2 protein chains.
Amino acid sequence: MVRMVGIKDVARQAGVSVGTVSNVINRPDLVSEETRDRVQSVIKQLGYVRSESARQLRAGQSRIMALLVLDMGNPFFVDVARGAESAAREAGLGVMVCNSGQSPSEEATYISLFTEQRVRGVLLTPADSTGASLDLLRQQNVPFVLVDRGAGDADGCSVSVDDTIGGALAGRHLVAAGHRTIAYISGPSHLQQVKDRRAGMLQALAEAGLGPEALLEIPAQRLDVAAGRDAASRLLGLAQRPTAVFCANDLLALGVLQVVYAAGIAVPRDLAIVGYDDIEFAAAAVVPLTSVRQPAAEMGRMAAELLLEETGPRAAQHAHQRAVLLPELVVRGSSLPVR
Amino acid sequence: MVRMVGIKDVARQAGVSVGTVSNVINRPDLVSEETRDRVQSVIKQLGYVRSESARQLRAGQSRIMALLVLDMGNPFFVDVARGAESAAREAGLGVMVCNSGQSPSEEATYISLFTEQRVRGVLLTPADSTGASLDLLRQQNVPFVLVDRGAGDADGCSVSVDDTIGGALAGRHLVAAGHRTIAYISGPSHLQQVKDRRAGMLQALAEAGLGPEALLEIPAQRLDVAAGRDAASRLLGLAQRPTAVFCANDLLALGVLQVVYAAGIAVPRDLAIVGYDDIEFAAAAVVPLTSVRQPAAEMGRMAAELLLEETGPRAAQHAHQRAVLLPELVVRGSSLPVR
DNA sequence: GACGTGGAATGAATGGTTTCAACCCGATCG
DNA sequence: CGATCGGGTTGAAACCATTCATTCCACGTC
């Protein structure tokens, strides 16, 4: 292994002190133009690259923020990551994207990795519902921002989308299209999102004078395509099939669409489908899916910006906040009323 | 900002020297059981977390490897990332996943971020075809492994899949199903993959005694769903439409499927479709897509392992190698011969 | 009782950068 | 002419964990 060229080598070669080289890099305005040019050219000539670890050691914090998502296979989180990444880059930071796969233990492993790295902060959608992960972060006072989750007891920021409104948007749309019995393909019951989306749907039904019996819940184990297929088979086995399905996310909806289509049931004529998240593949399905759009990239960006504010030079004026964004219904072929 | 508890605090509290604390953490067998327990409990009590930057500063390299992919929105790369991540974690490293979005300039930005971080190494699918990015890495002697690309002139490892064989698999399958004119929806022409897949297809056609005129190339700007839709419209506008389409990747194929279906053309009866990559959404389409499966996770894992070998304790015995994996055809509904 | 042995613990040196008080020197002011 | 100012530069401290040569100690052996 060849020795790395350090700031000292540059200083010697340029005939200045290390302090001056540092200034050339970090506060060029303090250095005379002549010296600056000379140092710059030596830097280029020697191929000097500053060592982030040394800089970090002094600064006490790194220039990396962590993003810990539940499922990298879900395009929704990919969009979140994109948003966060672009905000971070504007501030000259890197993002370390990691995938907990919904496992609290992997989540804990990553969090300890992050604390060792002294990351600037963590953006996360916790997989652990007990809050133990957050305690870990608090203990090390690593700033964090919750993504796609409200910070209930609030000692951190959060960015989320109002899922009750989202559910209601879907509900009103289906009711307006004449549906009177709707299936809800939910996900793991401990997820707040899943509950809120149902609540919104129930609210919309109530507005139309329909009781909770109009909503038939079909639980799904996970929020992925396979779980959607599975739930759809159960749906098809029912004696009295609802005329519409609302899915807790688009992956489920894609699974449903596949099974329903294979069974020869026409969408939307015999069955309307509404998904949630509006991932790219929802629009790209053979029958484009109506979906409740979450501003995923926007969420990622906001989360990153909140973190930057909390850890930036103006940290003192930072007050934790809970940003709640609004979802939007995107109507496509899978739920269009048939004329 | 509260001061971080350092190794010195632990040492003082436990009544030992800093060297001993370090030994407890890194070489516990050198320390007597009694001392070890005492130190461990102080560590827990104080919530001490070692500073990776300080450790790194001495070690000269970090415990993070970078993965730079072309498109995080493509599930293929997500699988690559998963494979790399799992191999890295087994070795106690973290992976920093970044997205160049095929832009050489973003790629360069990330590479300079990586060199500053002194990452252990970089796994990448270069967006820059001139090789300038690799030069940057070589210059700083940062080890790298090419993913999904062969290392032609070889001064690094690479892991790729034989795309010519992949194309041939698709070709033989379609020929066997009786197709005699096939459209090839390609991607950006400078991508080697795109060329190799076509070459394989031509080879399969030749084996069946068909000349290059049997393959009709329809160029696509990018390798995504929208480009697939676009190419499909052009396909449908043709006077003499081929009976089968081979797409350079699954995203294109999904776009094609959507447009073709909307035009009322039955798949596979009127048009067979074969994709490439075998992403989850290919199997999840309404008409499940036949696709050439690439062992994406396996590729990510191998790449990470090669990097670990190159930078690990046995680096001396490391010889660069070019691993070439084999693709596999997964036949599904979109190309089944109609009885 | 002198010496050797080996396990356990020590503490100083090391690494690269940033920061800041101190310094130098030419120019301006009184 | 001396004092002051300020732009430009310097040099050393600080950051924190690791490493390794050294010291310490208890025990056993001759």
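Note that the structure is a prediction, hence the values are computed from the model and not measured. Just so we're on the same page: letters track the sequence lines, and every chain starts at 1.
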Using 4.0 Å as the upper bound for N to carboxylate O, is an ion pair formed by [Y] and [X]?
X	Y	value
A/Arg38	A/Glu33	no
B/Glu90	B/Arg301	yes
B/Glu52	A/Arg118	no
A/Glu106	B/Arg89	yes

Expressed as a whole number of angstroms, how long is the span from [X]:[atom1] to [N]:[atom2]?
X	N	atom1	atom2	result
A/Glu116	D/dC16	CD	P	15 Å
A/Asp9	C/dG15	CG	C1'	13 Å
B/Asp29	C/dG6	CG	C1'	15 Å
A/Gln117	D/dA17	CD	C1'	14 Å
B/Gln56	C/dT14	CD	C1'	16 Å
B/Arg38	C/dA8	CZ	P	14 Å
B/Gln61	C/dG15	CD	C1'	14 Å
B/Leu30	D/dA21	CG	P	14 Å

Can you tell me if the side-chain N/O atoms of B/Ser32 get under 4.0 Å from OP1 or OP2 in C/dA9?
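So the side-chain polar atoms of B/Ser32 do come within 4.0 Å of the phosphate oxygens OP1 or OP2 of C/dA9, strictly under.
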
Would one find a side-chain N or O of B/Thr20 under 4.0 angstrom from OP1 or OP2 of C/dA9?
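Answer is no, no contact under 4.0 Å.
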
Please classify the nucleic acid contact of B/Ser53 as base, sugar-phosphate, or nothing, using heavy-atom distances under 4.0 Å.
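No contact.
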
Identified side-chain contact (heavy atoms from CB on, under 4.5 Å) partner of A/Val69 from the options A/Val147, A/Asn99, A/Leu123, A/Asn74
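So, applying the side-chain contact (heavy atoms from CB on, under 4.5 Å) to A/Val69 and each of A/Val147, A/Asn99, A/Leu123, A/Asn74, only A/Asn99 qualifies.
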
Less than 3.5 Å apart, any donor N or O on the side chain of B/Ser158 or B/Ser160 sitting next to an acceptor on the other?
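Result is no, nothing qualifies.
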
Polar contact flag, side-chain donor to acceptor under 3.5 angstrom, A/Ser112-A/Thr115:
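Checked: A/Ser112/A/Thr115 side chains show no N/O donor-acceptor pair below 3.5 Å.
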
How does protein reach along nucleotides 17-28 of chain C, written 5' to 3' as B (base within reach of a heavy atom under 4.0 Å), S (only sugar-phosphate), or - (no contact)?
BBB---------

